[in-house]
Novice: 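Can you read through this structure? Questions will come right after.
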Amino acid sequence: MLTIADKVFNSRLFTGTGKFSSAGVMEEALLASGSELVTVALKRVDLKSSEDDILSHLNYPQINLLPNTSGVRNAKEAVFAAQMAREALETNWIKLEIHPDPKYLMPDPVETLKATEELAKLGFIILPYIHADPVLCKHLENAGTAAVMPLGSPIGSNKGLKTIDFLEIIISQSNVPVIIDAGIGSPSDAAKAMEIGADAVLVNTAIAVSRDPVKMAEAFKIAVIAGRMAFEAKLGAINTYAVSSSPLTSFLDD
Amino acid sequence: MTDNFTALFNTYSWEETRQSIYDKTALDVEHALGNNRRTLEDFKALISPAAAPYLEQMAQLSRQITLRRFGKVMQLYVPLYLSNECNNICTYCGFSLDNKVRRKTLSPMEIMQEVAVLKEMGYDHVLLVTGEANQTVHTEYFKKVLELLRPHFALISMEVQPLNKEDYEELIPLGLNTVLVYQETYHREDYKKHHPKGKKSNFEYRLETPDRLGKAEVHKMGLGVLIGLEDWRTDSFFTALHLSYLEKKYWKTRYSLSFPRLRPFSGGLEPKVEMSDRELVQLICAYRLFNEEVELSISTRESIVFRDHIIGLGITSMSAGSKTNPGGYAVEPESLEQFEISDERTPGEIETMLKEKGYEAVWKDWDQGLVCK
């Protein structure tokens, strides 16, 4: 089980709500995924309406909503968006996304850190979407983040774990949960992320754009469980012993 | 994450930890050798008796990792003993309060006499050492010493009594770069036995010193235990645990480890546990395999043969030409030493030896100008 802030999750697969062909398909897929934390873009939901198409399909006791600030371009806008979400959705959880770059949607580290500092003071549970930058992760920890969400590769690219070397460093030194977000394109990517010790993964595009989102959601569910089990059981070592012609320890026999 | 190491430390039992190390098998060792990112459980396997037949493999890997990370350089440092006054009773130390020797604390003029000799030897990195005598060797004294030394050394380290966070915060802007504080042993009961009197008898205060240093944002800190007081494998595991905790929490700080083996001194204590040269090599390699970035230091307590061969196996810094008595370089060369040293070669001779092995002796690896407080 995974604990973030004061909440315990049975599932380590978090999901998103974008790109589905209909809200009905989205609902079915998310239920098949077993996900207990689902992110929704503030820019896509009608906060004033209780009949909103996306929100009305997410009304399950096991599903926690994680509003995200996608669309904002700086810390100031992000803080405003988070306050708006707290009021409308009655949750102090926020997925902090600040990507001023419309082409690759690369997260802005400077503004993300600033926003985290601000939001922590305002009592938010912050899950920032960031580049796989180990130093930034430590700064965010100091600023009071509840978790870090480094990217595996660019958002929506399905390219997998291109940043794996840096993800491993982040995982090895983090004091908060590490959730690999963005770029995970297949269940094997998700399993790999879990095998290297990620606490959870967030998957949206790979499920939403597959030919059968419901079946794919279930495949991800199984892959995340398998990856976590492998991590806990410890993978067998890859042996690459050095062979030397001149022993380094023979002086001990003299 | 907890606010200090004691909370984490208290979740461990010495006996259970010891047993789990001794229960490690050859399979555990092979697993640890084959892993790229080694865990604390892997470290236990590497220091366990089961790892003894794998020593050459460990040494080869340790050498590869060290060369990749540090290259063929060796940092040199020299201790400057400022005082042998001490209010503590430590059963293994020549400065112990109950040891009837003449006490001395160097005056500013005497310090400068010592400095002149050290500069002549070529040093730019000095390690200040004292006993614990809070009436004479206190923060104000250290402030004066730092003022005196700062113009003459690029890097100033300190191995004195544990201080409060506020003391460290006063000393760091004055040029204090590195603080070494050895736990001596993580065995709580034995610690009390070896430190029956004085401020040092407070186990927790010492255990939490690295936390205070981390909070004061010291540039580098050194950890270690005194090998010989207790089971070295268990003590070393707790050192590794402490290091891992600190690295994650105080991530801007650099870390170093030392492995002092109990040495003879006036009125000395026999080691409870003997550690062979082979075991010391095992420990050094295990630390390197566990942590690729930590600096590993070896002092002149070790023999010439051992020191010459350990270069290239994982060590990244060493002392040379050391005197372990206040005034030992110029003021009073014949006064009582804290412990006997084994390698009496001059720094010049050490530099030549390093050169013959293809290594460069590094005398300066830091400049105070880089730190703006």
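Values below: all heavy atoms of this structure, side chains included; hydrogens, waters and symmetry mates excluded. Treat the numbers as computed from the prediction; the structure is a model and nothing was measured. Naming convention: chains lettered A, B, ... in sequence-line order (proteins, then strands); numbering from 1 in each chain.
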Novice: Between A:D253, A:L235, A:T249, which has the largest tally of heavy atom pairs under 4.5 Å with chain B?
Specialist: A:T249
Novice: Considering only heavy atoms, which portion of A:V135 lies under 4.5 Å from any heavy atom of chain B: side chain, backbone, both, or neither?
Specialist: both
Novice: Sort B:R37 into side chain, backbone, both or neither according to what part of it lies under 4.5 angstrom from a heavy atom of chain A.
Specialist: side chain
Novice: Identify which part of B:L313 has an atom lying under 4.5 Å from any heavy atom of chain A, answering side chain, backbone, both or neither.
Specialist: side chain
Novice: Which residues pass the salt bridge (charged side-chain N to carboxylate O under 4.0 Å, His left out) test with B:D308, sequence neighbours left out?
Specialist: B:R345
Novice: With a 4.5 angstrom heavy-atom cut-off, could you sort out which part of A:I169 is near chain B: side chain, backbone, both or neither?
Specialist: both
Novice: Would you kindly check if the NZ (Lys) or CZ (Arg) of A:R86 is within the cone defined by 45 degrees around the ring axis of A:F124 and under 6.0 Å from the six-membered ring centre?
Specialist: yes
Novice: Which bit of B:S276 comes within less than 4.5 Å of chain A, counting heavy atoms only: side chain, backbone, both or neither?
Specialist: neither
Novice: Under a 3.5 Å cutoff, is there a donor and acceptor pairing between the side chains of B:E208 and B:T6?
Specialist: yes
Novice: Compute whether any side-chain donor of one residue and acceptor of the other, for B:S297 and B:S317, lie under 3.5 angstrom apart.
Specialist: yes
Novice: For the candidates B:M58, B:E41, B:R63, which exhibits the highest count of non-hydrogen atom pairs separated by less than 4.5 Å from chain A?
Specialist: B:R63
Novice: Who passes salt bridge (charged side-chain N to carboxylate O under 4.0 Å, His left out) against B:R69, sequence neighbours left out?
Specialist: none
Novice: Report, as yes or no, whether the 6.0 Å neighbourhood of atom CZ on A:F80 holds more than 12 heavy atoms from other residues, nucleotides or ligands.
Specialist: no
